[in-house]
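Report on the structure given below.
This one's a predicted model, so the numbers in the text were calculated from it and none came from an experiment.
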Amino acid sequence: MKTDIQIAQETAMDPIAEVAGRIGIKEDELELYGKYKAKLSDDLKNRVSQDPDGKLILVTAINPTPAGEGKTTTSIGLAQALGKLRKNAVLALREPSLGPCFGIKGGAAGGGYAQVVPMEDLNLHFTGDFHAITSANNLLAAMLDNHIQQGNELGIDPRQVVWKRCLDMNDRVLRNIVVGLGSKADGMVREDHFVITVASEIMAVLCLADDMEDLKRRLGRMIVAYSFSGEPITASQLQAVGAMAALLKDALKPNLIQTLEHTPAIVHGGPFANIAHGCNSVQSTKMALKLSDYTITEAGFGADLGAEKFFDIKCRMAGLKPDAVVLVATVRALKYNGGVPKADLSEENMDALKAGIVNLEKHIENLQKYHVPVVVTLNSFVTDTEAEVRFIEEFCAERGCDFALSQVWENGGEGGISLANCLLRVLESNESGFEPLYSLELPLKDKIDTIAREIYGADGVTYTAAAERELKRIEDLGMSDFPVCMAKTQYSLSDDPKKLGRPEHFMINVREVYVNAGAGFVVAVTGSIMTMPGLPKTPAANGIDVDDNGVITGLF
């Protein structure tokens, strides 16, 4: 069996100008990065701004397991299938982070015969967007420490610096560090921290900004520290906005690549959904809606994280109205939720399937709370049995969900025809009545409580003393009307990654709270979730290489 990277490398890609031309993009509206990658210009954005929007379809999933779910693969295969049905479809996806590529998760370009290409470029440096975000983030950090060193005119309290440096790599030893060691000229000695680039507020700001003006406004609002008197200090006060915007000038523009079957794919931005808002950029989604009749997008990890944030943060802020949701599951993942070890998932086990399907049930219930039509798709494996598939299909029908098998991993677009036809029927016969889960007028604690009870199924929420104090400060600053971005483990509906299936009788513990004033949301950190991941005992980097001809192996 060929690996994903072998399949990708054997594909003859179309010049990106040809791919763009099929959806009405002129060649002079592209900024080319070689033959097969391009950025979409502001001229294109302005030209299509008054065109009608197509349909917006979100692809999400059950909680991820080591068995794999295939959310991105399904998104890509569905778009390819719509293309085979001669529908005008465009993908709108996130860019992968380098950290997981070299860690345990691998890349994020899909898999099998449902991939976006060039996959090596996408999973590595791509068009440099993440490097630009990292540079802008660390420029601000440098200017902050320099301001303190050069007299501290703003009265910044070094004990209350909240801006963290970032790196797009899994590097646990940088989570908590001390800077400024050495002589007096080397700066103020203080504790500092690193987050992975996808957790930087600048990533969130770039993904939520409408244009350069909005980007600069959001950058300026970002809180970097507090003064000795307790007043917030912003990037604008440090006079850092212009330089950061200069670094982000090109990164702000969406990227265009293609699938294995030459479907256009706009890939831009990449916040993680377990520690950030988990959606691609607003600009790329809106552009895809103008250029296509069907925009297929995805949000990170399970529906309890990515989909909730897509609805309650991104759609609310951007004025988007999703028309349908595709919820991805696998027989193997459901049996894993039912207690079957990974090594035994290939064997039929109806008892385990019945025990684990409660995870799918909870995600269906959650998505229906947003009043958007739901289609459940089963990402097919050769080990799935007829009895297992039939049981899941009947389970979905009893809960008012349409159901379709997906075989896009092995058959590409052809394997997604059944799903595509099912989706088209649902779109034709159902009107979306999308509504966010909660009102912004609710107090912050009530918003957190609503998400914990309604989406996770918790009995309530507990807070550390530090989280309580920060909530009070955020409210005193007049930011209680912000939506909430929950930072939580992706592996469970609870904040304990070991609680699989549909946990009951548990509390969510909020250990830390901070405001992303530029992005416009409050982050509540739960359980033991980390904003800087570490590498596993045997990282994927061990198996990656490049030969004398420049061909990369082992990336996926």
TODO: Kindly indicate, with the supporting measurements, whether the criterion side-chain contact (heavy atoms from CB on, under 4.5 Å) is fulfilled by C207 and N280.
DONE: CA-CA 6 Å; C207 287; N280 66 323; over 6 Å; no

Open item on the list: For F395, does the six-membered ring have the charged nitrogen or CZ of R399 within the cation-pi criterion, i.e. under 6.0 angstrom from the centroid and within 45° of the normal?
Closed with: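 Positive - R399 is close enough to the ring of F395 and near enough to its axis.
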
On a heavy-atom basis, which atom in [X] and which in [Y] lie closest, and how many Å separate them?
X	Y	value
V205	A519	CG2-N, 3.6 Å
E388	E347	OE2-O, 4.1 Å
E308	I451	OE2-CD1, 3.6 Å
S97	I196	OG-CD1, 3.7 Å
F310	T297	CE1-CG2, 4.0 Å
V331	D384	CB-OD1, 3.4 Å

Using a 3.5 Å distance criterion without hydrogens, assess whether the side chain of [X] forms a donor-acceptor pair with backbone atoms of [Y].
X	Y	result
E69	A329	no
Q115	D4	yes
K290	D51	yes
Q283	L252	yes
R94	G270	no
N170	G103	no
R316	F311	no
R172	L535	yes
N337	G501	yes
R502	I357	no

- [ ] Before giving the answer on side-chain contact (heavy atoms from CB on, under 4.5 Å), spell out for V515 and V523 the whole-Å C-alpha distance, their side-chain angles and the decisive distance to 0.1 Å.
- [x] CA-CA 6 Å; V515 63; V523 180; over 6 Å; no

Are [X] and [Y] ion-paired here, with the side-chain N under 4.0 Å from a carboxylate O?
X	Y	value
K369	E365	no
K335	D344	no
K87	D293	no

For a 4.5 angstrom cut-off between non-hydrogen side-chain atoms, does [X] reach [Y]?
X	Y	result
L291	P264	no
E414	Q407	no
V461	M507	no
V90	I266	yes
F506	D459	no
Q258	T263	no
K321	L56	no
T526	M486	yes

Sort and list the pairs that fulfil side-chain hydrogen bond (donor to acceptor under 3.5 Å, both in side chains) and have at least one residue in [range], not counting sequence neighbours.
range	result
residues 480-496	N274-Q490, D304-K488, S492-S494
residues 427-449	K445-E468, D449-R453
residues 371-380	none

Distance check, rounded to the nearest 0.5 Å: [X] atom [atom1] versus [Y] atom [atom2]?
X	Y	atom1	atom2	answer
N255	L40	CG	CG	7.5 Å
S418	L378	OG	CG	11.0 Å
T531	F272	OG1	CZ	11.0 Å
M203	H277	CE	NE2	9.5 Å
D323	K55	CG	NZ	4.5 Å
K71	T74	NZ	OG1	9.0 Å

Open item on the list: Evaluate C279 against E298 for side-chain contact (heavy atoms from CB on, under 4.5 Å), listing each step before the verdict.
Closed with: CA-CA 7 Å; C279 306; E298 54 95 34; over 6 Å; no

- [ ] Verify the neighbour count for atom NZ of K342: are there more than 12 heavy atoms of other residues, nucleotides or ligands below 6.0 Å?
- [x]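 Not buried by this count: 12 neighbours or fewer within 6.0 Å.
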
Distance-only donor-acceptor check, side chains [X] and [Y], under 3.5 Å:
X	Y	answer
S284	H268	no
T72	S75	no
S49	K286	no

TODO: Run the numbers on T385 and E348 for side chain to side chain donor-acceptor pair (under 3.5 Å), then give the verdict.
DONE: CA-CA 7 Å; T385 69; E348 182 178 288; 2.7 Å; yes

TODO: Classify the ring geometry between Y370 and F434 as parallel (under 30°), tilted (30 to 60°) or perpendicular (over 60°).
DONE: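 If you compare the ring of Y370 with that of F434, the planes turn out parallel.
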
Open item on the list: Determine whether L122 and V117 satisfy the following criterion, side-chain contact (heavy atoms from CB on, under 4.5 Å), listing intermediate values before the conclusion.
Closed with: CA-CA 7 Å; L122 176 62; V117 285; over 6 Å; no

